[in-house]
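Okay, so here's the structure we're looking at.
Labels below follow one simple rule: chain letters A, B, ... track the order of the sequence lines, proteins then strands, and each chain is numbered from 1.
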Amino acid sequence: MAGEMAKGEKTVKIEYLTRVEGEGGIYVRAEGGELRDVKLNIFEPPRFFEAFLRGRHFQEVPDITARICGICPVAYQMSSVHALEAALGVRPGPEIRMLRRLLYCAEWIESHALHIYLLNAPDFLGYESAVAMAADHPQEVERGLRLKKIGNGLLDLLGGRATHPVSVCVGGFYKVPRRKELEKLREDFLWGLEAAQETVTWVSGLTFPEFTPEYEFVSVSHPTEYPMNERRIISSVGLNIDPVEYEQIFLEEHVAHSTALHSVRADRGSSYFVGPLARLNLNFDKLLPRAQAAARSCGVSWPCHNPFMSIVARAVELVHAFEEALGIIDAYREPAASRAEIQVHAGEGCAATEAPRGLLYHRYRINDQGLVEAAKIVPPTSQNMRRMEDDLRQLLPGVLNQPDAEIARVSENLVRSYDPCISCSTHFLKLRFDRGR
Amino acid sequence: MAGDVTSGGRAEAAVGRPRLMVLGCGNPFAGDDNVGLELVRRLRARGSCGCEFRDLSGRGARPCAPTFPRRGYGYEFRALPEGGLGLLELFDRADIILFVDAVLSGAPPGTLHLVLLPAREVVPRALGSVSSHGWGLDEVLRLALALGRKVPRLMLLGVELESVAQGTRRTAPVDAALEVVIEHFPQLQAALQDSESPLWSGHHSYPPRGSPFLEFSEAIPVLVRTGG
């Protein structure tokens, strides 16, 4: 971070907001001690996935969309296969459905463990990085690394490899695991369930800033399950829609300072909040018993409106993911067929699933050859972009009298609490702060 | 993160010999960039020599980029998503890790480079220290040391590239260099597994001290090779 004083204005620049995924910057301008402007500048080049999916065979889509992100490829695969199955009228059997949830559990585990232990926890403990934190908290960092490794191991088994899995296809899987293979993971998952509960205790003991804006939380909702793969989309202000209505309710907007689109409510242009905190607030009763007990006993009052406490929601979801994974592993029966048969025809379909960092919407239109004619992908970080700016507008006036370094630290901490994946939404953040003096 | 790599035979616990892991890096579809992957494939196919062969084929972990400026001009060494933390999991599995990758220094194509890692001259990209997508080797080493984990000896065998154009075959000079390495791999292996070898002189400190660049003529004369 560098500060400059020129003609009564002070500019503060942080070259890189660390521990986020992607490249971008924050611009803050204050005059006379009042906040005038906040922009989350995303300068990572646009990636054009929606354009180059056009003309590709539908069965190539999950492999291509998986490349959008190295941390949450499963989410892109899940939203794409569900949307394409809606277009093609395919309904995979219950075994496939559970294997998909198991695959999602693996991704939540590796992504959440990474974010909690290596990206976000240093913020609350006063370290510049996980490496610095590791020297004083080796036990916790080792726990995080092992949790992440367990998630990656399950991804490797189910997906063929831990990063950018290759086993997922429209209709099911190219290859499904043997029961014996899954059983071998059970001991690790029993350890992981305990370690995840220790994680909840650890993170809920951190000190969080007092900051509780009014939010519209949005997530996928299922009548009986904690949301992952399906089904409706709900919000904290009464929204309850089928994913086919998504584009009437939510609008993507271009903004001049960002290569990532900003999503807002179409009717009133307001921001909304997706991610673990939204999921947990809206679906608390769907948490499995151990996860729910951990959430109840951690000292946090749910629903929680403090975005900094997303780390606690993420930890509770870590418990849920291990608990659910163990249940699926124990009940697993190898399916007779790894994938449903598909009769190719023209069609259009959409789906919303829950990536580790929030709701992920996909829509595809295919022709009678099964080639993609149109694709739309709305990543969770695009949906949170406007919300992060709104939070900064509310948060920063309270700290404008603080030293520049403190303003930068608070801003970075807030943005990191959302676990943004900027490279998904279009990489680092630069913070530029103009302070009128 | 063992899941990001394709395992060959596990290193045999040869009595008194340190475990050697050979990690081939690169993009299988980008001309000379796949030389590390091809080396691992062929050495693995030759049967057990007591080494573990793995490849990091663009599945995320990929320690070396085909950008390796001329010696003395600020070398570059980068990791792509997930590579770094993946490496941490491999540290327990070997006493020595030899990375093999295509490099670009301005030397004639096919020239072989042997570099001790970590090295100040082989600078991790900034990505490695600031993005969860890019844990670099440097940061992984610092994390391993902070955690008190064992860190193996690390070395890079670089093959000077000619072209990394997408969809092309390896070029003749790089293929010729590949043959030399395969033919003389037993000598390289013996030198790597000999802790008294001149290869390891000056090693193993972190942060690194002295020049990481090795004199082949002292350690493995048969691998002295300048392409072209």
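Of the listed residues (A:Leu155, A:Asp136, A:Leu145), the greatest number of heavy-atom pairs within a distance under 4.5 Å of chain B belongs to A:Leu145. With chain A as the partner, the residue from B:Ala146, B:Ala144, B:Gly148 showing the most heavy-atom pairs under 4.5 Å is B:Ala146.
No more than 12 heavy atoms of other residues, nucleotides or ligands lie within 6.0 Å of NZ in A:Lys180, so this atom counts as exposed by the packing criterion. Heavy-atom neighbours of A:Arg146 CZ from other residues, nucleotides or ligands within 6.0 Å: above the threshold of 12. A 6.0 Å sphere centred on OH of A:Tyr174 holds more than 12 heavy atoms belonging to other residues, nucleotides or ligands. Heavy-atom contacts from other residues, nucleotides or ligands closer than 6.0 Å to CD of A:Glu181 number more than 12.
Interatomic distance, CG of B:Leu143 versus CE of A:Met133, reported as 9.5 Å (0.5 Å rounding).
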